[in-house]
Amino acid sequence: MNTPSTLHSMFPLPTMPTPTPMSTPAIAVQNLTLRLDHATILQDICLQVPAGAVVGLVGRNGAGKSSLLRCLAGLADPSSGSSQLLGCPSLYLTDAVRERLGVVAQTPDLFEWMEVMEMIKTLGRAYPRWSETRALALAVQLNLPVGRRISELSGGDQQKLSVVLALAHNPDLLLLDEPVSSLDPMTRRDFMRALFTSPLRSDGMDGIGGVDACNSAPRTVLISSHLLSDLERVVTHVAFMRDGRLQLFDTWDAMLENLRLVPLASIAGITGRTPGVVCTNAAAASAVVDTRLLPQYADAGRALSLDALFLELNA
Amino acid sequence: MSAALDRGSATPLPAYALRQWRDVPLTLGLYGVVAVFGLVAIPLALTTQPMTDKVDTVIRLFVALCCLLGWVKGHMLALSLARGATVLRQRQVPRCLWAAWLRVALLQAARAWCVAVAACIVVLSAPEALWRWPTAAALVSLLMVLSLLRTLSSQGLLPAAVGWVVGVGLVAVVVGFTATTGLASVLDAIAEWPLVLQMLGLVAGPVVALGLRSRWVGAAPRATRPFNLPLAAWHWLRREQRRYHALNTVGAWKQRIQGTGGRSAAHTAPIGLIMFFLILGPHFQRTTSNWGSSLELWHPLMLIWMVVMYWPNLLCKDLHWRMLLAPGGLHRGRLGFYIARSTAEYTVIIASAMLVVAMAIGYLVPAMPALDVGGLLQRFALMPLQLFFAISVATLLRSLPRAGWILGGVIVLLLASGAAYVAYQPTLPAPPEWLRAGPGYVALLVALSGAAMALSNRLWTAQKLMAAGASAGHKNSL
């Protein structure tokens, strides 16, 4: 049987990934708008994700997270605007970029007539960096039955297989659309470990922190999830979406440090349109303020967890 | 990029990659034709028919099989391409894998095409053959291409208009030939085409394959989901059908024997009802008569038989524990009527579908007499009442304690009465004058159905209904 290494010696496809320069954002979105059936799904999204960032994409159901991920992966044509992955337009991804990209869709599309191992081998043929050993180690780590036919797998196991397929070639960029929605808490923990730790490293080092030691290229992850407690532990950045718009995007550290929930009564004279006021909640008579723009509130109110911030932004 | 993809298309894919249908008997493929050909040809060779007739019959059968398998191959190729395009595109894998997928799929189809075309050419090369050598091959090749295009269109890889044109065109051809000279004469019609046209039909397969390759080799096509009226209608029918849950015992036996707990047994209901109507069909004239005519003694026996047939085919619409919990859900207090109504609704659906099929067969097949709908309506005007009577009685009997024993007793009574009727038919007196299909009979049926409904409303409880549903394998819904 041909191994990926022998396959790629047969034809000169781009075999060695080109690490993205640190100055080039791993994901760049410019004024992206998506309209379907006269409804605006995404509106004027602008986003720059630096290489090595782990971005949590959060929002209520129907906020546009999956649509944004589909546009980024080049699976949907935006009505206007554009997006690039690793410097390449999403709609015209080159093989060099595809080899560095891992995608996990919300509902995994798999060849249901194959067995797990057959699917792993079939897809592995396309990737120069594919390691069957790594795929198997991931499958064992996620407790995935490799000998079973895909159509016989549970929804959670199919999701696990999709994750294994996305990670087995050690991608530099991962787009994950609710990858843990069907997983139990233990598998979720293992999945999060797998995201940042390659099970078998050539140098024996862990890649914790989103740094891939194999090729020294930082791994960028864009992950949408409703499990905020899981996200809070791993993200470097958070992007909040609401009604098809990007509501807030920043590093999580900056949000923790600078965003504060203050009572409306203490910010008399300041409205929701005032720069620095992120959002107001009339029902709870509170507001979220950015103390970088309104430093006078640096000690007022309290800091917010991701959960609390989500609730305030969607109140 | 193209050169790189061409080289990439040399990526060897394992044999299992495209075996989407490996569990389906159709995977026997065109090689099965040879075996079937042998099975047909040998017995024919042993008959005493003239040689020309034998050869003609064998050729027609062989070409019909090749056409069928060509159609299936085209359909399977399209499904393989559609699935490959969808999955590989969603994962955004390097394009060499799609190129390899496309290449292997087209090669498999090309192999099948070669076998079919070669076999057809060889068969038509027989001295006794009535057509030129490319005639059958052209038909098989065209059918494979049309099947491929239609399925690609239904999968969203080609414009919906392509599927419509192919579908409507084929239906027109089939109906046209069937109504005039018979479907088998399609080959005669193609035989009259000029040789150039036949050759064009023959090479349609490779031309379309090369066209698809040149169009799609760069990247997996994006599937769009056009509105497909027949598919939408089929999905609607399936959704509606799944709302009816069988309260039968067949599911319980199957569950016990095969250990298939939790699997829906609703599919046994249409099969049971279809069987019911198929069996009932030849005896329709014994179950009813024109308005005003006298009823034979056979008539009540048929009514009892209908009750027995409905016994395992009772249905309940939207049977779910949530419905039982909802205020007024599932018409508690009128559960018997609800079951009877659900079964009657489903009967109307199945009977209508079978009527349409019977009319279509009568219209399409010249040898079959066309269905006289007006006459049927007049003759079977009382049938709905009789069916509802049978449903009502079956619903009542199913609600009684020890219903299985009662059913056994009814069956024994039916068999004994039937045997007695057959044995003593010559000595039986003529039916009395008052026993006629008239207002009195209608009033009797309505009264008996009403009484049965009233009783079953009292006897059917939510607990019984849940138990009946669970015994039919609806663990998920109860």
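Here is the naming used below: chain letters follow the sequence lines, and residue numbers restart at 1 for every chain.
A:Leu101 touches chain B through its side chain: at least one heavy atom from C-beta onward sits under 4.5 Å away, while N, CA, C and O do not. Both the backbone and the side chain of B:Arg89 come within less than 4.5 Å of a heavy atom in chain A. Proximity to chain B (any heavy atom under 4.5 Å) is shown, for A:Asp177, by neither the backbone nor the side chain.
Side chain of B:Arg95 to main chain of B:Ala99: no donor-acceptor pair is present (N/O by atom type, distance under 3.5 Å, no hydrogens or angles). No donor-acceptor distance shorter than 3.5 angstrom exists from the side chain of B:Arg150 to the backbone of B:Gly167, with no hydrogens or angles considered.
Each of A:Leu222, A:Thr220, A:Leu175, A:Val29 was compared with A:Leu85 under the side chain to side chain contact (heavy atoms under 4.5 Å, CB included) criterion, and only A:Leu175 meets it.
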**Asked** Could you go step by step and tell me if B:Arg91 and A:Ser162 meet the side-chain hydrogen bond (donor to acceptor under 3.5 Å, both in side chains) rule?
**Response** CA-CA 9 Å; B:Arg91 307 203 71 84; A:Ser162 197; 3.2 Å; yes

